[in-house]
Amino acid sequence: MSRARKYWLMKSEPDVYSIDDMEKQGTGEWEGVRNYQARNFMRDMKEGDLVLFYHSNTKPPGVVGVVKVVREAHPDETQFDEKSPYYDARVKKGEPRWDVVDVGHVETFAETVSLETMKDTKALDGMLILRKGNRLSVTPVDKKHFKAVLKLAGAKTTVR
DNA sequence: GCCAACGTTGGC
DNA sequence: GCCAACGTTGGC
């Protein structure tokens, strides 16, 4: 028995990995999460969960599309790879500390739903990403907030 | 480039 | 276990 679908938001710097990269790649591992709280959220993700793809450290920052979870959490191999920017020297072989989920591209929005717009949207009051000083790269999103972002985007993706 | 927020590290 | 120092994130 699978649980009800959950909704999430994941941040990426477009210089590192953008929604366009995601679209070209189709599916891929969400590498490089090195924060326990974010990792634990990823461990709660199930196949079919929907994720808002957020561009950070860019102009303007905001949600640029939708991806979905296609494989649940499993070890992030980059933690063992000395050549990777995500290498973690503290981690012992056979004792992975960090996970990835695999995600698949669903939709790239015609236009970014900017952080500024989101802040100005009453329907998004209380959304975690809008909290001052929020730095978490993976956060849960209320279904009502998820739907409100889709509406702002004029998205093709629909959620019942 | 600045700096607020906040997670992590390590000495004690 | 406390907490100061330090590092990172990310908007502006």
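- Residues A:Asn57 and A:Asp15 have side chains not in contact (no heavy-atom distance under 4.5 Å, counting atoms from C-beta outward).
- The CG atom of A:Asp120 sits 15 Å away from the C1' atom of C:dG11 (whole-angstrom rounding).
- The side chain of A:Lys11 places an N or O atom within less than 4.0 Å of a non-bridging phosphate oxygen (OP1 or OP2) of C:dG10.
- At whole-Å resolution of the value, CD in A:Glu13 and P in C:dG10 are 7 Å apart.
- The distance from atom CG of A:Asn134 to atom P of C:dG10 is 8 Å, rounded to the nearest whole Å.
- Using a 30° and 60° split on the angle between ring planes, A:Trp8 and A:Phe41 fall in the tilted class, from 30° to 60°.
- Rounded to whole Å, the distance from CG on A:Asn57 to P on B:dA5 is 17 Å.
- One interatomic measurement links the two molecules: CZ of A:Arg34 to P of C:dT9, which rounds to 11 Å at whole-angstrom precision.
- Atom CD of A:Glu116 has 12 or fewer neighbouring heavy atoms from other residues, nucleotides or ligands inside a 6.0 Å radius.
- OP1 or OP2 of B:dC6 has not a single side-chain nitrogen or oxygen of A:Tyr36 nearer than 4.0 Å.
- Salt bridge absent: A:Asp125 and A:Lys144 never bring a charged side-chain N and a carboxylate O closer than 4.0 Å.
- Atom C1' of nucleotide C:dG7 and atom CG of A:Asp88 are separated by 14 Å, given to the nearest angstrom.
- Taking atom CG of residue A:Leu130 and atom P of nucleotide C:dG11, one finds them 11 Å apart after rounding to whole Å.
- As judged by a 4.0 angstrom heavy-atom cut-off over every strand, A:Lys119 is placed among residues touching the sugar-phosphate backbone only.
- Taking atom CE of A:Met10 as the reference point, atom P of C:dT9 lies 16 Å away to the nearest angstrom.
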